[in-house]
Amino acid sequence: MPEPLPRAVAESLLAFWADAGVDAVLLDEPLDRIEAGKILPPKPVAPIALAPAARPGPAAAAPDVSQAIVQAQTLAAQAQDMEALAAAIAGFEGCGFRYEGASKAVCWRGALDAPVMVIGEGPGQEEDLQGLPFVGRAGKLLDRMLAAAGLTERVLITNTVFWRPPGNRTPAPHEQAVCAPFLERAIALTKPKMLLLVGGASAKSLLRKDEGILSLRGRWFEWRSSDGALELPAMPTLHPAFLLRQPGAKKRAWSDLLTLTERLDRPDRPA
Ligand code: URA
């Protein structure tokens with residue numbers, strides 16, 4: 001058993017972590033979730049809140065990934081409209097983030113009949129608080145960019161996962177796979193004309209690619225649903241959180257939006 005830290009040292013360490021964005025402690029030892037792949041921790045540990053608001057602890061253990069995917073597929077297929085789909089997501093217990101400090105499901109915002117579906121990576125702290133995607137600093141920049149491109153009324157905004165990953169980390173592929181049936185169902189129900197994939201984790205997951213976002217962005221790809229029944233043009237672009245850190249890259253994201261609006265406004269050619 002290591003010696004307990006003096007109180008002042010422990011407080012200063014906790015303050016340092018909180019400043020760095022760590023808001024929950026889940027396990028005694030670090031766990032590489034990418035390596036862990038399909039294995040979720042067998043017994044989730046109730047998060048210890050470092051932030052002022054305590055979060056609800058786990059009600060039950062999360063099912064394993066394959067079980068969770070089958071459950072998500074079943075629930076998603078049963079949803080006949082977006083309201084039912086949002087309710088199914090909120091009631092779904094298979095997403096591991098529920099047991100890691102996320103407080104509520106974050107589904108989508110915007111026009112349900114929008115021609116463009118914007119798909120980000122996953123909700124952050126502000127999104128978790130408000131229950132809506134892209135409402136923090138990055139979301140405000142995204143909104144300004146969409147407005148400048150005349151897209152505000154023409155988008156439905158969502159994410160690859162519907163619960164906040166702890167500490168705003170990037171969701172791992174197996175975590176995105178658990179939520180993918182809901183995302184696919186949302187696409188099937190709202191029938192957008194095209195997808196805007198915001199950030200590397202979104203582009204790689206939806207397009208099943210390994211390339212980095214700097215090489216994927218600005219090019220058209222064909223997104224295909226897992227059963228092959230749906231196909232849509234998809235444009236990867238840079239994440240607004242990246243643009244906040246690297247404002248010099250904004251011109252590339254702007255050019256991506258112009259490419260997207262050009263295609264959106266192109267008259268349909270007769271077959
Ligand atoms: N980043 C995302 O990818 N999605 C959000 O909803 C917020 C920030």
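Atoms within each ligand, like the ligands themselves, are counted from 1 in listed order. Just so it is clear, the values below take in all heavy atoms, side chains as well, and ignore hydrogens, waters and symmetry mates.
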Using 4.0 Å as the upper bound for N to carboxylate O, is an ion pair formed by [Y] and [X]?
X: Arg219; Y: Glu211; result: yes
X: Arg185; Y: Asp81; result: no
X: Arg154; Y: Asp265; result: yes

Taking side-chain contact (heavy atoms from CB on, under 4.5 Å) as the definition, give me every residue that meets it alongside Ala234, ordered by chain and number, with sequence neighbours left out.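 Residues passing side-chain contact (heavy atoms from CB on, under 4.5 Å) with Ala234: Leu195, Leu197, Leu207, Trp223.
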Results of side-chain contact (heavy atoms from CB on, under 4.5 Å) for Arg137 - residues two or more places apart only: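 For Arg137, the residues satisfying side-chain contact (heavy atoms from CB on, under 4.5 Å) (neighbours in sequence not counted) are Leu244.
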Which ring-ring contact (aromatic ring centres under 6.0 Å, His included) pairs, counting each pair once, include a residue from residues 149-169, with sequence neighbours left out?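 Non-adjacent pairs meeting ring-ring contact (aromatic ring centres under 6.0 Å, His included): zero.
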Enumerate, one pair per line, all nitrogen or oxygen atoms of ligand 1 lying under 3.5 Å from a protein nitrogen or oxygen, stating the separation to 0.1 Å; write 'none' if no such pair exists.
unit_1: ligand 1; atom_1: 1 (N); unit_2: His239; atom_2: NE2; d: 3.1
unit_1: ligand 1; atom_1: 3 (O); unit_2: Glu121; atom_2: N; d: 2.8
unit_1: ligand 1; atom_1: 3 (O); unit_2: Gly122; atom_2: N; d: 3.4
unit_1: ligand 1; atom_1: 3 (O); unit_2: His239; atom_2: NE2; d: 2.8
unit_1: ligand 1; atom_1: 4 (N); unit_2: Gly122; atom_2: O; d: 3.0
unit_1: ligand 1; atom_1: 4 (N); unit_2: Asn159; atom_2: OD1; d: 2.8
unit_1: ligand 1; atom_1: 6 (O); unit_2: Phe134; atom_2: N; d: 2.9
unit_1: ligand 1; atom_1: 6 (O); unit_2: Asn159; atom_2: ND2; d: 2.9

